[in-house]
Amino acid sequence: MTFKELNLTTPLRNAIDDLGFEKPTPIQQESFNIIGSGKDVVGIAQTGTGKTFAYGLPILKNLPYSRQENPRVLVLVPTRELVVQVVEEFEKIAKYINVRVLGVYGGTNINTQKQQVAQGLDILVATPGRLYDLAVSRVLQLKSIQKLVIDEVDVMLDLGFRHQLVNIFDILPERRQNIMFSATMTKDVDELINSFFINPDKISIAVSGTPLENISQTRYNIPNFYTKVNLVNHLLSDKDTYNKVLLFVAYKRMADRLFEQLEERFYGECCVIHSNKTQNYRLRSIEQFENGENRILIATDVMARGLDIDNITHVINFDTPDYPENYMHRIGRTGRAEKEGHALLFSTKKEQEALENIERLMQMQIPMLQLPEVVEISTELIEEEREKKIEKHNPTKRDETFGEAFHEKKEKNKKTNLGGSYRRTIKQKYKKPKTRGDKNYNKKKRRK
Ligand code: AMP
């Protein structure tokens with residue numbers, strides 16, 4: 001498909017020509033008409049796929065010139081960097097159009113922004129907090145918003161912006177088009193869509209530039225968490241083969257839990273990233289993984305978005321993602337630049353349906369391997385694997401209290417199981433924390 005087939009207006013065509021783009025990217029091709037039709041849309045695409053223009057082009061094409069002061073399009077993004085980036089992208093394609101684009105974000109003088117808003121604008125790009133502050137101050141009127149775009153909604157929810165988003169929905173006109181982009185599908189994203197979107201069309205684009213032929217895929221059926229840990233321990237002990245390994249887990253708590261387990265055996269070789277870690281801690285973890293200081297990185301789907309690390313030898317899916325697109329995004333981290341990559345998928349009995357969905361999406365079956373005999377099958381279960389009695393009451397609070405007690409017992413048990421506990425205790429006690437993050441982590445460990 002060419003840009004010509006998108007029937008762009010002449011000013012847009014000229015701007016695209018100036019940029020030197022030859023043809024629309026897949027997400028742009030798929031989004032253009034659907035977004036132009038005014039329907040609610042959910043696009044699953046990562047940064048770098050051209051998603052900003054995927055919504056920018058149809059929005060600009062259908063936005064008539066107006067001198068009214070209040071914005072008609074609102075784009076919400078999670079970070080100030082993204083505000084700047086999105087505004088720049090809009091300015092590039094709106095080069096020959098008379099349209100007013102403004103970016104606002106927190107941490108800067110709100111009064112300056114109020115003055116800018118008062119001058120009138122068409123498209124507002126904002127972080128949720130600052131947008132809300134401007135709206136309650138009444139300088140910013142949202143009654144004319146016709147289109148709402150939420151970009152990187154998975155990150156937004158992972159950073160805890162759900163409440164702010166819902167508050168913003170409340171003050172927007174009910175009749176509007178909702179357009180949402182997310183790199184990954186998560187339960188939170190799904191829930192948000194179901195609560196606030198009307199029958200959205202879903203567009204999904206697999207990671208581009210990652211031919212599946214470069215990636216060998218295998219899978220294991222494994223009964224539970226601890227058996228998965230045993231298998232990972234077994235595999236990772238072959239350090240030459242498992243040279244740079246990215247381990248995916250579905251949520252933060254699981255990431256921490258797995259990190260704790262792997263640290264026992266591979267002390268100083270692992271790092272972990274998820275949204276409860278500080279930005280510095282995350283950056284350091286990624287750097288240590290990238291430069292080979294650590295060969296194992298544990299990550300959640302959302303935090304691993306945009307990770308572009310060379311030479312990852314293996315992607316291990318410690319769990320089977322509920323949303324098959326996430327599997328595609330995960331394995332696309334290996335097998336880059338024509339190099340061969342390996343992807344392993346672990347599935348419990350409960351995860352078989354998710355596995356089938358993945359295989360259906362790829363239209364292929366992932367070859368299954370038998371668990372090596374040396375891998376011990378554990379019968380111990382983590383709380384999520386037990387009966388769900390606890391969740392009937394107050395899921396979050398009770399969950400945590402039970403978690404603590406449960407862990408205390410587990411630590412005790414482990415001491416007899418794993419051997420070498422004295423050395424581990426001494427190491428933990430006297431080791432000098434390498435970083436603040438490590439220090440906090442050790443503090444937490446000692447408390448238990
Ligand atoms: P995004 O996914 O929106 O962050 O875009 C990634 C980069 O791709 C940006 O620098 C865009 O300028 C560029 N880009 C967007 N659309 C195209 C296209 N059709 N052809 C080439 N580059 C593009």
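All figures in this text were calculated on a predicted structure; none of them were measured in a lab. Counting starts at 1 for both ligands and their atoms, following the listed order.
Without hydrogens or angle criteria, Asp158 side chain to Asp154 main chain gives no donor-acceptor distance under 3.5 Å. Here the side chain of Arg72 pairs no donor or acceptor atom with the backbone of Leu121 at under 3.5 angstrom. Remark: the backbone N or O of Pro223 is not paired with any side-chain donor or acceptor of Thr227 at under 3.5 angstrom. At distances below 3.5 Å, not a single donor-acceptor pair connects side-chain atoms of Gln363 with backbone N or O atoms of Glu359. Side chain of His314 to backbone of Ile316: no donor-acceptor contact under 3.5 angstrom is found. Lys61 contributes a side-chain N or O that, together with a main-chain N or O of Asn7, makes up a donor-acceptor pair within less than 3.5 Å.
Put simply, atom 6 (C) of ligand 1 has protein non-hydrogen atoms near it, under 4.0 Å away.
Looking only at protein heavy atoms, the nearest one to atom 3 (O) of ligand 1 is Thr52 OG1, 2.5 Å. The nearest heavy-atom contact from the protein to atom 4 (O) of ligand 1 is Gly48 N, 3.6 Å. For atom 10 (O) of ligand 1, the nearest protein heavy atom (residue, atom name, distance) is Glu89 OE2, 4.2 Å. At the top of the distance list for atom 15 (C) of ligand 1, counting protein heavy atoms only, stands Gln28 NE2, 3.5 Å.
Residue Pro24 has at least one heavy-atom neighbour below 4.0 Å for each of these atoms of ligand 1: 19 (N). Within the listing of ligand 1, atoms 18 (C), 19 (N), 20 (N) sit less than 4.0 angstrom from a heavy atom of Lys23. Taking every non-hydrogen atom of Thr25 and a distance limit under 4.0 Å, the qualifying atoms of ligand 1 come out as 17 (C), 18 (C), 19 (N).
Taking a 4.0 Å cut-off on heavy atoms, Glu22 fails to register as neighbouring ligand 1.
Contact annotation: the side chain of Asn221 approaches that of Gln352 to within less than 4.5 Å [non-hydrogen atoms, C-beta and beyond].
Residue-to-ligand polar distances place Gly50 within reach of ligand 1: an N/O pair is separated by less than 3.5 Å.
Here the shortest heavy-atom distance to atom 13 (C) of ligand 1, taken over Phe21, Phe3, Phe53, belongs to Phe21.
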**OP:** Please test Asp238 against Thr241 for side-chain hydrogen bond (donor to acceptor under 3.5 Å, both in side chains), starting from the C-alpha separation and ending with a verdict.
**Re:** CA-CA 6 Å; Asp238 178 354; Thr241 310; 2.7 Å; yes
